[in-house]
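First the structure, in the form of structure tokens, and then the observations on it.
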Amino acid sequence: MRGLGRRRWVHAAIRLAPGNSGGPLADAAGRVIGINTMVIAGGLALAIPSEVVVRFLERGSRPTLGIAIRPVKEGLLVLQVNPNSAAERASLMSGDLLLGLTMDDLSEAIDDAAGSLLKLQFRRGNRHIQREVSVVVPAPRREAA
């Protein structure tokens, strides 16, 4: 078992059977160390580390930019911008290309910037012009208990 990235995933050397996603991943001592999430090459499991789950539950919902994206060679292609979102307020548009980012990079940057500024570089259209925009990422709201 090993961590991938900044402990965003636990890569378990076990085969995950269909239907086991969402179940606990335990170590040899029986401690829950993650939540089984998906199967990768060879049927091996990826799990969300338990400390990530605990932080998520303590914090409430995650902050979002309000965009739908797709990874491409140069970065992340913006497919959709949600109305009244942080991305719309920053004038991001469908077709913009967020440069030099992976999905994990963006997710981590959004988490780190919650309630503050997030600087993004993007290219718009066929022009190779890069511009930085500061996006205020709203702090996550706690769900009512």
*asked:* Quick one, L118 with L65, criterion side chain to side chain contact (heavy atoms under 4.5 Å, CB included). Give me CA distance, side-chain angles, the key distance, then yes/no.
replied: CA-CA 10 Å; L118 170 65; L65 283 178; 4.2 Å; yes
Main chain of N84, side chain of E88: is a donor-acceptor contact present, judged purely on distance under 3.5 Å? yes
In this structure, OG of S94 is separated from CG of L79 (nearest 0.5 Å) by 7.5 Å
- Item | Path from M93 to L99 over hydrophobic side-chain contacts below 4.5 Å | no
Compare all side-chain heavy atoms of M103 with those of I69 and state whether any distance is below 4.5 angstrom.
yes
- prompt: Can you find a heavy atom in the side chain of T64 that is under 4.5 Å from one in the side chain of I110?
  reply: no
Requested in this report: Show the numbers, then the answer: is there a side chain to side chain contact (heavy atoms under 4.5 Å, CB included) between L98 and L106?
Outcome: CA-CA 9 Å; L98 303 178; L106 182 60; 4.1 Å; yes
- Message: Please evaluate residues L97 and L76 with respect to the criterion side chain to side chain contact (heavy atoms under 4.5 Å, CB included), reporting the C-alpha separation (whole Å), side-chain torsions for both, the decisive distance (0.1 Å), and the verdict.
- Response: CA-CA 6 Å; L97 181 63; L76 300 170; 5.7 Å; no
Closest non-hydrogen contact found for G100 with D105 is O-OD2, 4.1 Å
In short, salt bridge (Lys or Arg N to Asp or Glu O under 4.0 Å) pairs touching residues 92-103 with sequence neighbours left out are D96-R124
Considering only distance and modelled atom types, tabulate donor-acceptor pairs under 3.5 Å from the side chains of residues 32-40, sequence neighbours left out.
| residue | atom | partner | partner atom | Å |
| --- | --- | --- | --- | --- |
| N36 | ND2 | G23 | O | 3.4 |
| N36 | ND2 | P24 | O | 3.3 |
| T37 | OG1 | I35 | O | 2.9 |

Those residues at least two apart in sequence (or on a different chain) that pass side-chain contact (heavy atoms from CB on, under 4.5 Å) with A29 are D27, R31
Donor + acceptor pair across side chains of D104, S107 (<3.5 Å) = no
